[in-house]
Colleague: 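Below is a structure I'd like to ask you about.
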Amino acid sequence: MDVTRFLKFVREKELSFYYAMIYASTHAANEIINFRYRIREDKVVLHESIHPSFTDLSNKQDDLFKIVTVDLKLDIFEFVQYAKDKSQSQTEYFPLNQIAGRDDLVYITCIPWVSFTHISHTFSLNKNDSVPRISWGKYFIENDKVLLPFSVQVNHALVDGVHVGEYFTKLQKRIDNIYQEL
């Protein structure tokens with residue numbers, strides 16, 4: 001993904017790139033109906049909206065991660081503050097009771113130390129596992145552009161390549177035009 005404009009925006013507004021990218025990537029996912037489908041008990045359900053469940057570094061001393069789940073907000077500034085506050089106040093690493101039975105999520109993670117060319121997530125052997133997984137790595141500069149390694153994994157029973165292509169187009173448009181959204 002070309003994040004040149006987006007990175008400039010988050011730096012100017014003093015926003016966390018990670019939380020801002022969670023905001024943008026989740027909003028783009030919500031725009032594609034196939035990203036909101038889930039398989040539940042061998043039936044397809046459609047969620048009105050999906051929300052991010054993301055990994056976040058607990059603290060820099062122990063290198064442990066926690067899973068933070070938040071409701072998506074319409075405003076990027078409100079969302080970034082809300083995600084930051086929720087992450088900082090959450091003491092439990094894996095609050096499974098908060099997400100047990102929920103499939104109205106998109107799983108998000110980031111590996112900001114590595115500019116990868118491929119990433120693969122473990123999917124359970126459960127054919128009903130249909131929550132999309134979104135990941136990105138360390139951005140880098142190439143030909144005066146800031147590029148971000150970005151990966152999307154989906155259940156192919158619900159989401160095809162055309163939908164993933166549409167997702168990338170919508171996400172790129174969203175991050176390129178973030179100034180106009182305000």
Side-chain angles (χ1 to χ4, degrees), residues 1-38 44 46-56 68-84 86-87 103-112 114-121 130-182:
M1 304 283 321
D2 180 351
V3 296
T4 308
R5 288 172 157 171
F6 190 67
L7 184 59
K8 181 179 185 242
F9 170 81
V10 298
R11 285 179 175 166
E12 284 176 3
K13 302 298 182 183
E14 299 180 356
L15 296 172
S16 158
F17 180 83
Y18 184 48
Y19 297 141
M21 197 66 192
I22 291 170
Y23 167 87
S25 60
T26 305
H27 270 281
N30 270 290
E31 292 182 43
I32 316 286
I33 193 169
N34 293 68
F35 275 69
R36 293 185 282 125
Y37 285 130
R38 298 294 182 269
V44 175
L46 173 63
H47 288 289
E48 183 74 25
S49 64
I50 55 177
H51 307 277
S53 185
F54 55 92
T55 58
D56 212 353
V68 180
T69 302
V70 297
D71 292 329
L72 187 59
K73 306 291 185 187
L74 292 177
D75 177 80
I76 190 170
F77 302 103
E78 180 185 2
F79 176 82
V80 167
Q81 188 62 53
Y82 172 62
K84 177 182 175 186
K86 176 87 186 270
S87 181
D103 61 4
D104 63 333
L105 303 171
V106 57
Y107 298 145
I108 298 175
T109 194
C110 173
I111 308 171
V114 179
S115 291
F116 60 77
T117 56
H118 175 77
I119 189 168
S120 181
H121 294 280
S130 51
V131 175
R133 277 105 164 131
I134 295 173
S135 310
W136 56 87
K138 179 181 180 180
Y139 51 75
F140 59 94
I141 298 173
E142 185 175 288
N143 297 327
D144 297 324
K145 290 183 180 180
V146 182
L147 302 178
L148 182 72
F150 200 92
S151 171
V152 177
Q153 264 186 278
V154 293
N155 184 319
H156 194 47
L158 301 174
V159 183
D160 290 318
V162 67
H163 306 114
V164 174
E166 184 181 0
Y167 172 78
F168 273 89
T169 300
K170 287 187 179 294
L171 178 56
Q172 188 68 63
K173 183 176 179 184
R174 177 174 286 279
I175 64 175
D176 282 348
N177 298 310
I178 193 75
Y179 289 102
Q180 284 86 10
E181 291 181 21
L182 303 179

Colleague: Strictly distance-based, threshold 3.5 Å: is any side-chain N or O of D75 a donor or acceptor partner for the main-chain N or O of F77?
Modeller: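 A pair under 3.5 Å: yes.
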
Colleague: Are more than 12 heavy atoms, taken from residues, nucleotides or ligands other than L74, located less than 6.0 Å from that residue's CG atom?
Modeller: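 No, the 6.0 Å shell around CG holds no more than 12 heavy atoms from other groups.
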
Colleague: Check whether R36 reaches the backbone of N30 with its side chain - one donor and one acceptor, N or O, closer than 3.5 Å.
Modeller: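 Such a contact is found between R36 side chain and N30 backbone.
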
Colleague: For the residue pair D56 / Y19, report whether a side-chain donor-acceptor contact shorter than 3.5 Å exists.
Modeller: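 There is such a pair between these side chains.
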
Colleague: Going from CD on E78 to NZ on K73, what distance comes out if it is rounded to the nearest 0.5 angstrom?
Modeller: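 Going from the CD atom of E78 to the NZ atom of K73 covers 5.5 Å.
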
Colleague: Compare all side-chain heavy atoms of I76 with those of K13 and state whether any distance is below 4.5 angstrom.
Modeller: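 No - every pair of side-chain heavy atoms lies 4.5 Å or more apart.
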
Colleague: With rounding to the nearest 0.5 Å, note down the distance linking OG in S115 to CH2 in W136.
Modeller: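 Interatomic distance, S115 OG to W136 CH2, rounded to 0.5 Å: 14.5 Å.
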
Colleague: Between the side chain of S87 and the main-chain N/O of A83, is any donor-acceptor distance below 3.5 Å?
Modeller: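 The answer is no, because no donor-acceptor pair under 3.5 Å joins these two groups.
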
Colleague: What heavy-atom pair brings A28 and R174 nearest, and what distance separates the two atoms?
Modeller: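 Closest pair (atom of A28, atom of R174, distance): N-NE, 4.0 Å.
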
Colleague: Is the shortest heavy-atom distance from the side chain of V131 to the side chain of R38 under 4.5 Å?
Modeller: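 Side chain of V131 against side chain of R38, heavy atoms only: contact under 4.5 Å found.
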
Colleague: Do you know which two heavy atoms are closest between T109 and Y18, and how far apart they sit?
Modeller: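 It is CA-OH, 4.0 Å.
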
Colleague: Without swapping roles, check the side chain of N155 against the backbone of A157 for a donor-acceptor pair under 3.5 Å.
Modeller: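 Yes; at least one donor-acceptor contact below 3.5 Å.
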
Colleague: Could you point out which residue of V44, I33, N34 forms a side-chain contact (heavy atoms from CB on, under 4.5 Å) with L158?
Modeller: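 Only one option passes, and that is V44.
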
Colleague: Only counting residues at least two apart or in another chain, list the ones meeting side chain to side chain donor-acceptor pair (under 3.5 Å) with D103.
Modeller: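 With sequence neighbours excluded, D103 shows a side chain to side chain donor-acceptor pair (under 3.5 Å) to R40, H47, given in chain and number order.
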
Colleague: Atom CD of Q153 and atom CD1 of I134: how far apart are they, to the nearest 0.5 Å?
Modeller: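 If I round to the nearest 0.5 Å, the distance is 11.0 Å.
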
Colleague: From K170 NZ over to F35 CZ, what is the distance, rounded to the nearest 0.5 angstrom?
Modeller: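 So the NZ of K170 and the CZ of F35 are separated by 11.5 Å.
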
Colleague: Do C110 and F17 have side chains that get closer than 4.5 Å, going by heavy atoms?
Modeller: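 They are not in side-chain contact.
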
Colleague: Is any side-chain heavy atom of V159 closer than 4.5 Å to a side-chain heavy atom of P132?
Modeller: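 No; the side chains remain at least 4.5 Å from each other.
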
Colleague: Determine the minimum heavy-atom distance between S53 and L105, stating which atoms define it.
Modeller: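 Minimum heavy-atom contact is CB-CD1, 4.1 Å.
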
Colleague: First locate atom CZ of F140, then atom CG of L148, and finally report the distance between them rounded to the nearest 0.5 Å.
Modeller: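 Going from the CZ atom of F140 to the CG atom of L148 covers 8.5 Å.
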
Colleague: Pair up each side-chain donor or acceptor in residues 3-11 with any protein partner under 3.5 Å, not counting sequence neighbours, and list the distances.
Modeller:
| from | atom 1 | to | atom 2 | distance (Å) |
| --- | --- | --- | --- | --- |
| T4 | OG1 | D2 | OD1 | 2.6 |
| T4 | OG1 | V146 | N | 2.8 |
| R5 | NH1 | D176 | O | 3.3 |
| K8 | NZ | E12 | OE2 | 3.3 |
| R11 | NH2 | Y139 | OH | 3.4 |

Colleague: Using a 6.0 Å cut-off, check whether atom NZ of K84 has over 12 heavy atoms from anything other than its own residue.
Modeller: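 Check fails, neighbour count at 12 or below.
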
Colleague: Out of T26, I50, V106, which one pairs with L72 under the side-chain contact (heavy atoms from CB on, under 4.5 Å) rule?
Modeller: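 With L72 as partner, side-chain contact (heavy atoms from CB on, under 4.5 Å) holds for just one option, T26.
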
Colleague: Verify whether the ring centers belonging to H27 and Y23 lie closer than 6.0 Å.
Modeller: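 Yes, close enough.
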
Colleague: As an exercise, state the distance from CG of N143 to CD1 of I141, rounded to the nearest 0.5 Å.
Modeller: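 Separation between the atoms: 11.0 Å.
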
Colleague: Does M21 form a side-chain contact (heavy atoms from CB on, under 4.5 Å) with F150? I'd like the steps, not just the answer.
Modeller: CA-CA 11 Å; M21 197 66 192; F150 200 92; 3.7 Å; yes

Colleague: Take a 6.0 Å sphere around NZ of K86 and say whether it holds more than 12 heavy atoms from other residues, nucleotides or ligands.
Modeller: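 More than 12 within 6.0 Å, yes.
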
